[in-house]
Trainee: 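Quick one: the structure is below, and I'll ask about it shortly.
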Amino acid sequence: RIPVDHPAMQAVDRALQANAPLLEVVQAVAHARFFQLHIPLQVAVRELLRRAVAARDMASLRHAAAEGRLVGVAEEELRVAEALIHEQVAQEQRLALRRAIGKGDRRALKEAI
């Protein structure tokens, strides 16, 4: 890892070391990206993705995957995150469909489909 002496990158490192909430780490990454710290951020974003996958935190996972694409994290590393996101969306759709069928509500059924 290449050490970068920039306050924004230091904030990202501190957030990761302090086990800050994932959305706070995402915000720190977004702030550091503003300063064009793409290459050094790749390591931090990989760690953020790993933690979000382990926690199954879909909001953080979506944001981390988006930041990963913006800083240039390899597609292979994003596949697990995207697969979990896709799985969650499919599960939500199935749940909405079951609710609509259970209620017998045609409008809700149309929205679920």
Side-chain angles (χ1 to χ4, degrees):
R1 181 169 184 196
I2 302 168
V4 176
D5 188 27
H6 192 282
M9 194 64 207
Q10 292 169 358
V12 171
D13 289 336
R14 278 193 308 272
L16 284 171
Q17 289 174 357
N19 287 325
L22 295 175
L23 287 178
E24 286 182 22
V25 179
V26 169
Q27 289 174 345
V29 167
H31 180 71
R33 189 173 39 80
F34 177 77
F35 296 102
Q36 303 297 315
L37 299 170
H38 294 87
I39 301 299
L41 277 173
Q42 289 179 0
V43 174
V45 171
R46 283 186 197 106
E47 177 63 19
L48 178 60
L49 281 166
R50 188 190 65 75
R51 290 182 187 185
V53 166
R56 297 272 182 171
D57 182 353
M58 289 302 137
S60 297
L61 193 56
R62 283 187 180 101
H63 291 295
E67 289 296 332
R69 283 186 213 92
L70 292 172
V71 299
V73 172
E75 287 294 320
E76 299 84 38
E77 298 176 74
L78 293 171
R79 281 196 184 118
V80 173
E82 290 172 349
L84 281 174
I85 292 169
H86 180 73
E87 177 185 316
Q88 179 69 22
V89 168
Q91 185 176 5
E92 289 171 2
Q93 289 174 339
R94 286 191 301 270
L95 184 59
L97 192 58
R98 283 188 198 124
R99 284 183 187 150
I101 290 171
K103 288 181 182 177
D105 185 5
R106 289 182 183 220
R107 174 182 272 167
L109 188 57
K110 276 186 176 180
E111 289 175 11
I113 292 174

Trainee: I need the minimum non-hydrogen distance between L22 and A55, along with the two atoms involved.
Mentor: CD1-CB, 4.3 Å
Trainee: Just verifying a value: how many Å separate H63 NE2 and D57 CG, rounded to the nearest 0.5 Å?
Mentor: 9.0 Å
Trainee: Could you walk me through whether R33 and L37 pass the side-chain contact (heavy atoms from CB on, under 4.5 Å) check?
Mentor: CA-CA 5 Å; R33 189 173 39 80; L37 299 170; over 6 Å; no
Trainee: For residues I85 and M58, report the shortest heavy-atom separation together with the two atoms involved.
Mentor: CA-SD, 4.3 Å
Trainee: Do F34 and L23 sit in one hydrophobic cluster, given that two such residues count as connected whenever their side-chain heavy atoms are within less than 4.5 Å of each other, even indirectly?
Mentor: no
Trainee: Salt bridge (Lys or Arg N to Asp or Glu O under 4.0 Å) with R69: which of E82, E75, E77?
Mentor: E82
Trainee: Please assess D5 against Q10 for the test side-chain contact (heavy atoms from CB on, under 4.5 Å), listing each intermediate value before the final yes or no.
Mentor: CA-CA 7 Å; D5 188 27; Q10 292 169 358; 2.7 Å; yes
Trainee: Which atom pair, heavy atoms only, marks the closest approach of A81 to L49?
Mentor: CB-CD2, 3.9 Å
Trainee: What pair of heavy atoms forms the shortest contact from S60 to V26, and how long is it?
Mentor: O-CG2, 4.3 Å
Trainee: Tell me the closest heavy-atom pair linking V45 and V29, and the distance in Å.
Mentor: CG2-CG1, 3.7 Å
Trainee: Could you walk me through whether R50 and R46 pass the side-chain contact (heavy atoms from CB on, under 4.5 Å) test, one step at a time?
Mentor: CA-CA 6 Å; R50 188 190 65 75; R46 283 186 197 106; over 6 Å; no
Trainee: Is it the case that one hydrophobic cluster holds both L70 and L16, taking links as side-chain heavy atoms less than 4.5 Å apart, direct or via other members?
Mentor: no
Trainee: As an exercise, state the distance from CG of L84 to CZ of R62, rounded to the nearest 0.5 Å.
Mentor: 10.5 Å
Trainee: Test side-chain contact (heavy atoms from CB on, under 4.5 Å) on E47 and R51; report intermediate values, then the result.
Mentor: CA-CA 6 Å; E47 177 63 19; R51 290 182 187 185; 2.8 Å; yes
Trainee: Nearest 0.5 angstrom please: L41 CG to H38 NE2, how far?
Mentor: 7.5 Å
Trainee: Is the closest side-chain donor-acceptor distance between Q88 and E92 under 3.5 Å?
Mentor: yes
Trainee: Which word best sums up how the rings of H31 and F35 line up, parallel for under 30°, tilted for 30 to 60°, or perpendicular for over 60°?
Mentor: perpendicular
Trainee: Which heavy atom of A8 sits nearest to which heavy atom of A32, and what is that distance?
Mentor: CB-CA, 3.7 Å
